[in-house]
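Have a look at the structure below before the remarks.
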Amino acid sequence: MNFEEKEILNQRLEPASGVLYVVGTPIGNLGDLSPRAKSLLKNVSAIACEDTRHSGQLLRGLGTTTTPLISFHTHNIQSRIPKLLALLKNGESLALISDAGLPGISDPGEELVCAARTEGLSVICIPGPCAATTALVTSGLPSNRFCFEGFLPSKAKDRKQRLSMIVYEQRTTIIYEAPHRLLKLLHELIELCGEGRPLLVARELTKRYEEQIGPNIGAVIKHFMKNKPKGECTLVLGGATSIENEQLSSSELIDKMQMLIKNGASSNEAARKLAEETVHSKRFLYNLLHKTAQPDSP
Ligand code: SAM
């Protein structure tokens with residue numbers, strides 16, 4: 001990038017008419033709000049935000065109190081979307097922010113972006129911090145392939161189903177959890193994955209008392225049994241090894257494929273997906289599912 005291009009990028013960002021801007025805001029440290037985000041939030045026609053009081057404070061910190069705030073949270077998404085789309089169609093520019101981090105990542109946003117795209121409206125992201133990727137890159141666990149689970153379901157049956165998929169996942173898995181539920185989740189994980197599975201809990205990222213606790217489930221549980229979990233936590237769980245997956249019994253393999261089928265996969269796809277995650281061939285798994293399994297050919 002030459003100097004001239006840098007100058008152009010540093011210029012004040014003038015919001016364009018009829019555009020929905022998805023704006024990343026800090027996950028703790030106000031210094032992480034980008035100059036582009038600041039400029040946009042000051043100059044946009046209106047800001048849709050989860051909590052108007054919380055975002056009002058952010059705007060006051062930027063020295064602006066004039067940009068109108070429109071509440072947009074989990075409980076009014078459906079009623080608000082038509083109003084926000086009408087503003088955009090009327091030529092107004094709209095910023096979407098959440099209480100912290102990137103809207104749409106375990107925060108409201110996805111439905112509005114989808115509705116705007118369906119109407120042919122432009123959507124531009126002003127990127128910013130996200131707890132998931134911030135925790136991942138500080139964990140030292142493989143980041144070339146990873147998956148994001150967000151918050152696990154709280155309903156017992158759905159939660160069990162989700163955990164049973166996570167335990168055999170070979171990619172690094174990122175999970176969000178509230179501090180008062182952290183120990184429950186850690187006990188579920190130790191039961192399923194064993195104490196040696198790599199785990200890092202990133203706590204209070206970007207804040208004064210930021211800390212990372214690891215390196216495995218056993219050590220993390222020990223730490224939080226002594227120190228009551230407090231603040232915001234993101235878990236980065238190491239993936240299962242093929243050896244761990246090799247130890248699955250036939251009925252566990254079948255259960256796992258049936259779970260995939262329940263989630264919309266065909267038997268063929270379920271066998272292929274599990275073959276990628278275990279040492280078994282797709283043919284063996286497919287046959288196992290249909291109860292005609294022969295040992296894997298060499
Ligand atoms: N949209 C946000 C993002 O981009 O990261 C996530 C919002 S979600 C409602 C809140 C969860 O994110 C928290 O319960 C915690 O798991 C994680 N989180 C948010 N800020 C964090 C921080 N500073 N340190 C660690 N985890 C954080």
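Ligands are counted one by one from 1 in listed order, and the atoms in each one are counted from 1 as well.
Atom 2 (C) of ligand 1 has its closest protein heavy atom at A100 O, 3.3 Å. Of all protein heavy atoms, the one lying nearest to atom 18 (N) of ligand 1 is A131 CB, 3.4 Å. Given atom 6 (C) of ligand 1, the protein heavy atom at minimum distance is I105 O, 3.4 Å. The protein atom (non-hydrogen) at minimum distance from atom 21 (C) of ligand 1 is E232 CB, 3.7 Å. Here the heavy atom of the protein found nearest to atom 10 (C) of ligand 1 is F151 CZ, 3.9 Å. Looking from atom 3 (C) of ligand 1 to the surrounding protein, the closest heavy atom is Y176 OH, 3.6 Å. With hydrogens left out, the protein atom closest to atom 17 (C) of ligand 1 is T234 OG1, 3.5 Å, a heavy atom. Here the heavy atom of the protein found nearest to atom 15 (C) of ligand 1 is C233 O, 3.3 Å.
Put simply, no part of T206 is less than 4.0 Å from ligand 1, judged by heavy atoms.
Residue-level proximity to ligand 1 for A135 is absent, since no heavy atom of it falls below 4.0 angstrom. The part of K207 lying near ligand 1 is the side chain, judged by heavy-atom distances below 4.0 Å. In P103, neither the side chain nor the backbone holds a heavy atom less than 4.0 Å from any atom of ligand 1.
Summarising the local packing, NZ of K160 is surrounded by 12 or fewer heavy atoms from other residues, nucleotides or ligands at distances under 6.0 Å. At most 12 non-hydrogen atoms from other residues, nucleotides or ligands lie less than 6.0 angstrom from CD of E110. More than 12 heavy atoms of other shown residues, nucleotides or ligands fall within 6.0 angstrom of atom CD in E252.
When each atom of ligand 1 is checked for a heavy atom of E204 under 4.0 Å away, the hits are 23 (N), 24 (N), 25 (C). Using a 4.0 Å cut-off to heavy atoms of C130, the atoms of ligand 1 that qualify are 4 (O), 5 (O). Ligand 1 places these atoms under 4.0 Å from at least one heavy atom of E177: 14 (O), 16 (O). Near A202, with a cut-off below 4.0 Å to any heavy atom, the atoms of ligand 1 are 25 (C). Each of the following atoms of ligand 1 lies closer than 4.0 Å to a heavy atom of L102: 1 (N), 3 (C), 4 (O).
Under the ring-ring contact (aromatic ring centres under 6.0 Å, His included) criterion, Y176 pairs with F148, F151, not counting sequence neighbours. Partners of K222 according to the side chain to side chain contact (heavy atoms under 4.5 Å, CB included) rule, which considers only residues two or more places apart in sequence or in another chain, do not exist here.
For ligand 1, the polar-atom distance check finds no N/O of G101 at less than 3.5 Å from any of the ligand's N/O atoms. Taking only nitrogen or oxygen atoms, main chain and side chain alike, I27 reaches within less than 3.5 Å of ligand 1. In terms of polar-atom proximity, defined here as any N/O pair under 3.5 Å, L205 does make such a contact with ligand 1.
A salt bridge does not link K273 with E269: none of the charged nitrogens is closer than 4.0 Å to a carboxylate oxygen.
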Please report the C-alpha distance between F72 and L94 in whole Å, then the side-chain angles of each, then the deciding distance to 0.1 Å, and finally whether the side-chain contact (heavy atoms from CB on, under 4.5 Å) criterion is met. CA-CA 12 Å; F72 180 69; L94 182 69; over 6 Å; no
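By the rule that hydrophobic residues join a cluster once side-chain heavy atoms approach within less than 4.5 Å of another member, I190 and L185 end up as members of one cluster. Linking ILVMFWY side-chain heavy atoms closer than 4.5 Å, directly or via other members, places V22 and V44 in two distinct hydrophobic clusters. Hydrophobic clustering of Ile, Leu, Val, Met, Phe, Trp and Tyr side chains at less than 4.5 Å, counting indirect connections, unites M225 with V201. Clustering ILVMFWY residues whenever any of their side-chain heavy atoms sit less than 4.5 angstrom apart, transitively, puts L58 in the very cluster that holds L40.
Nearest to atom 9 (C) of ligand 1 by heavy-atom distance, out of S98, A132, G28, S106, is S106.
Across every non-hydrogen atom of C130 and L102, the tightest pair is CB-CD1, 4.1 Å.
Checked by atom type, the side-chain pair S164/D255 shows no donor-acceptor distance below 3.5 Å.
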